[in-house]
Amino acid sequence: MSAQVFSIVTHDPAGTDDLARAIAERLKPGDTLLLEGDIGAGKTHFARALIQSLQDSPEDVPSPSFTLIQSYDTRKGELLHADLYRLNSSDEVIELGLVDAFGELICLVEWPDRLGTDRPDMALTLHFRAGETDDARVIEAKSDAPSWTSRLKGLLND
Ligand code: ADP
Ligand code: MG
């Protein structure tokens, strides 16, 4: 049963950057974040801020919507950023090497519904949606894994 871990409203892109950085600090190799929400909701924006915060010399982080998957070297080891929107079959997820990386590398996955039964049980799901102003986003985190609640406790209060 999926339980809510947190729900926050960010008022502008910089607010989402702060959240991404705070989560990045608490990640460890093998963690997966599943990034849900409509086009333009802020999934790539969040992933970019998270990845760059884990790099001493931040690289460009383009949307992986055409390459489907991008790999980055970070302070917490190799990180994969995937966008499965254009995926044609679930076999392709395996070909991408993403399924093998679950539980080993930090994986950030946009459009995780395409994973079907390969969706990792231990993942934290972040759902992005529009808020009350153009630059506001509601970000809800859920997981089947109870450990996320303690791991993310006091996330934005430190
Ligand atoms: P997605 O990957 O979900 O399709 P993107 O991250 O590519 O969406 O685009 C989100 C857009 O929304 C960006 O242009 C970003 O600057 C803008 N934006 C406005 N407010 C926010 C916010 N609070 N958090 C994240 N992005 C925001
Ligand atoms: Mg995107």
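The chain is numbered in sequence order, starting from 1.
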Nearest heavy-atom contact between Arg48 and Val61 is NE-O, 2.8 Å
Determine whether more than 12 heavy atoms belonging to other residues, nucleotides or ligands lie under 6.0 Å from atom CD of Glu132.
-> no
Heavy-atom check, side chain of Phe66 versus side chain of Arg86, under 4.5 Å = yes
N/O donor-acceptor pair under 3.5 Å between Lys28 side chain and Lys76 backbone | no
Joint cluster assignment, Leu34 & Met122, ILVMFWY side-chain distance < 4.5 Å | no
Find out if a path of hydrophobic residues (ILVMFWY) with successive side-chain heavy-atom gaps under 4.5 Å connects Ile8 to Leu155.
-> yes
Indicate yes or no for a side-chain donor-acceptor contact from Thr67 to the backbone of Gln70 under 3.5 Å, with no hydrogens or angles considered.
-> no
Could you check if a side-chain atom of Asp17 sits within less than 4.5 angstrom of a side-chain atom of His45, using non-hydrogen atoms only?
-> yes
Considering only NZ, NE, NH1 and NH2 on the basic side and carboxylate oxygens on the acidic side, decide whether Arg119 and Glu36 come within less than 4.0 Å.
-> yes
His81 side chain to Ile69 backbone, donor-acceptor under 3.5 Å = no
Test item: Cys107 and Leu98 side chains (from C-beta on) under 4.5 Å apart, heavy atoms = yes
Taking NZ, NE, NH1 and NH2 as the nitrogens, is one of them in Glu92 or Arg114 under 4.0 Å from a carboxylate oxygen of the other?
-> no
Taking side chain as C-beta onward, heavy atoms only, is Leu50 less than 4.5 Å from Leu33?
-> yes
In terms of the angle between their ring planes, are Phe46 and Phe128 parallel, tilted or perpendicular, with boundaries placed at 30° and 60°?
-> perpendicular
Without swapping roles, check the side chain of Trp148 against the backbone of Ala141 for a donor-acceptor pair under 3.5 Å.
-> no
Among all residues two or more places apart in sequence or in another chain, which pass the salt bridge (charged side-chain N to carboxylate O under 4.0 Å, His left out) test with Glu78?
-> none
Using modelled atom types only, decide if a donor and an acceptor are shared between the side chain of Gln52 and the backbone of Glu59 within a distance under 3.5 Å.
-> yes
Arg129 (side chain) donor-acceptor with Glu140 (main chain) under 3.5 angstrom | no
Phe6, CZ atom: more than 12 neighbouring heavy atoms under 6.0 Å = yes
Does any N or O in the side chain of Arg137 come within less than 3.5 Å of the main-chain N or O of Thr16, such that one atom is a donor and the other an acceptor?
-> no
Between the main-chain N or O of Gly97 and the side-chain N or O of Asp100, is there a donor-acceptor pair closer than 3.5 Å?
-> no
Tell me, yes or no, whether the heavy-atom count around Lys142 atom NZ, taken from other residues, nucleotides or ligands under 6.0 Å, exceeds 12.
-> no
Distance-only, no hydrogens or angles: does the Asp60 side chain make a donor-acceptor pair with backbone N or O of Pro62 under 3.5 Å?
-> no
Are any non-hydrogen side-chain atoms of Ile139 and Thr10 less than 4.5 angstrom apart?
-> yes
Counting distance only, does the side-chain N/O of Asp12 pair as donor-acceptor with the main-chain N or O of Gly15 below 3.5 Å?
-> yes
Measure the shortest side-chain to side-chain distance between Ile106 and Tyr72 over non-hydrogen atoms and say whether it is less than 4.5 angstrom.
-> no
Close side-chain approach of Ile39 and Trp111, heavy atoms under 4.5 Å = yes
Results of side-chain contact (heavy atoms from CB on, under 4.5 Å) for Glu104 - residues two or more places apart only | none
Pick out which of Leu27, Asp144, Leu152 makes a side chain to side chain contact (heavy atoms under 4.5 Å, CB included) with Leu124.
-> Leu152
To the nearest 0.5 Å, tell me how far Lys43 NZ sits from Asp83 CG.
-> 7.5 Å
Find out whether Leu84 and Val109 are in side-chain contact, i.e. whether some heavy atom of one side chain is under 4.5 Å from a heavy atom of the other.
-> yes
Would Ile51 end up clustered with Phe102 when hydrophobic side chains under 4.5 Å apart are linked, directly or stepwise?
-> no
